[in-house]
Amino acid sequence: ADGPSAEGDYVLAVGTLEPRKNQALVQQAARSLAVELRVVGSRGWGDVQIDGWLGQVPDEQLAALYRGARCLVYPSLYEGFGIPVLEAMACGTPVVTSAGGATEEVAGGAAVLVDPHDVAAIVAGIEEAEARRDDLRSRGIERAARFTWERVATETRAVYERAAV
């Protein structure tokens, strides 16, 4: 959470450019709020075109973008996990993400949850994240700290050991 922040007044979206990431609705929400949208990620499938696309960036630049953003907007329609949610939280950035999916579980009460199919809900989520910035920052940092690669390895090994019995 400490370190340089990118300049500007913007919301951030992180993820491969493809329909399931729902960047088109994020773009509509940003336009509705008259705020700049910055999008980090590689091209995917579906010929998604988004204003503010920066492509892939080095980790240091991504961390600075997280820290400088009003919030991460991540209303993915289908997600296996949602690493950007934890990355943003670790950087102290409020998160707006989908209700009812994997990212809700990852967020664990430390994010604003929205209906990813409703641009008005995404707009309201961004506004709520800004209003609750300090609370979400502290909750997010605490939540992200619970996810470590060491813990993943330990828990995965325990599953294999139980399965071998």
Side-chain angles (χ1 to χ4, degrees), residues 1 3-104 106-107 109-141 143-144:
S5 299
E7 297 289 323
D9 184 26
Y10 62 94
V11 295
L12 182 66
V14 176
T16 307
L17 295 185
E18 53 190 46
R20 73 182 181 92
K21 296 294 186 175
N22 208 20
Q23 289 115 336
L25 260 60
V26 174
Q27 183 171 264
Q28 289 178 31
R31 284 182 180 155
S32 176
L33 291 167
V35 65
E36 178 187 358
L37 172 63
R38 296 183 189 175
V39 181
V40 173
S42 60
R43 286 215 177 272
W45 58 275
D47 194 34
V48 174
Q49 303 294 321
I50 296 293
D51 297 336
W53 180 59
L54 304 174
Q56 293 180 297
V57 300
D59 289 345
E60 297 79 21
Q61 184 180 353
L62 178 58
L65 284 163
Y66 278 128
R67 288 188 292 263
R70 287 185 181 189
C71 62
L72 172 74
V73 187
Y74 199 77
S76 181
L77 300 174
Y78 307 103
E79 204 61 50
F81 187 81
I83 290 283
V85 169
L86 289 179
E87 289 177 338
M89 288 179 174
C91 290
T93 305
V95 173
V96 177
T97 195
S98 303
T103 59
E104 178 177 358
V106 169
V112 176
L113 303 176
V114 298
D115 177 350
H117 300 283
D118 182 353
V119 71
I122 297 169
V123 167
I126 293 169
E127 292 173 331
E128 181 181 343
E130 292 173 335
R132 296 179 50 208
R133 183 171 186 80
D134 292 341
D135 174 52
L136 290 172
R137 176 181 166 80
S138 61
R139 285 174 180 251
I141 290 170
R143 178 69 178 168

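Basis for what follows: all heavy atoms, side chains included, without hydrogens, waters or symmetry-related copies.
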Quick one: do Arg43 and Gln56 satisfy side chain to side chain contact (heavy atoms under 4.5 Å, CB included)? Show the steps, please. CA-CA 9 Å; Arg43 286 215 177 272; Gln56 293 180 297; over 6 Å; no
Side chain to side chain contact (heavy atoms under 4.5 Å, CB included) between Leu65 and Leu54: does it pass, once the steps are laid out? CA-CA 11 Å; Leu65 284 163; Leu54 304 174; 3.9 Å; yes
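Between Trp53 and Ser42, the shortest heavy-atom contact is CZ2-C, 4.4 Å. Closest of all the heavy-atom pairs between Val11 and Ala30 is CG2-CB, 4.2 Å. The minimum heavy-atom distance linking Gln23 with Gly15 is given by the pair NE2-O, 3.4 Å. Closest heavy-atom contact between Cys71 and Val96: SG-CG2, 4.1 Å. The nearest pair of heavy atoms linking Gly82 to Val106 is O-CG1, 4.4 Å. Residues Pro116 and Ile122 share a closest heavy-atom pair of O-CD1, 4.0 Å.
Within the 4.5 Å cutoff, side-chain heavy atoms of Leu33 are placed close to those of Glu127.
Once rounded to the nearest 0.5 Å, the distance linking OG of Ser138 with CZ of Arg143 reads 14.0 Å. Considering CG of Leu12 and CG of Leu37, their distance stands at 8.0 Å, rounded to 0.5 Å. Considering CZ of Arg137 and CZ of Arg67, their distance stands at 9.5 Å, rounded to 0.5 Å. Residue Leu25 holds its CG atom at 8.0 Å from CG of Leu77, rounded to the nearest 0.5 Å. Interatomic distance, CG of Asn22 versus CD of Gln27, reported as 11.5 Å (0.5 Å rounding). For the atom pair Ile141 CD1 and Leu136 CG, the distance stands at 11.0 Å (nearest 0.5 Å).
The backbone N or O of Pro19 lies less than 3.5 Å from no partner atom in the side chain of Trp45, so there is not a single donor-acceptor pair.
Annotation: side-chain hydrogen bond (donor to acceptor under 3.5 Å, both in side chains) contacts involving residues 4-15, sequence neighbours excluded, comprise Asp9-Arg70. Residue pairs satisfying the side-chain hydrogen bond (donor to acceptor under 3.5 Å, both in side chains) criterion with at least one member in residues 82-102, sequence neighbours excluded, are listed as follows: Tyr66-Glu87, Thr97-Thr103.
Partners of Arg31 according to the side-chain hydrogen bond (donor to acceptor under 3.5 Å, both in side chains) rule, which considers only residues two or more places apart in sequence or in another chain, are Asp51. The salt bridge (charged side-chain N to carboxylate O under 4.0 Å, His left out) search around Arg20 returns Glu18, Glu79, not counting sequence neighbours. A search for salt bridge (charged side-chain N to carboxylate O under 4.0 Å, His left out) contacts involving Arg38 returns Glu36, not counting sequence neighbours. Residues passing the side-chain hydrogen bond (donor to acceptor under 3.5 Å, both in side chains) test with Glu128 are Arg132, sequence neighbours excluded.
The 12-atom threshold is not exceeded at OH of Tyr78, counting heavy atoms of other residues, nucleotides or ligands nearer than 6.0 Å.
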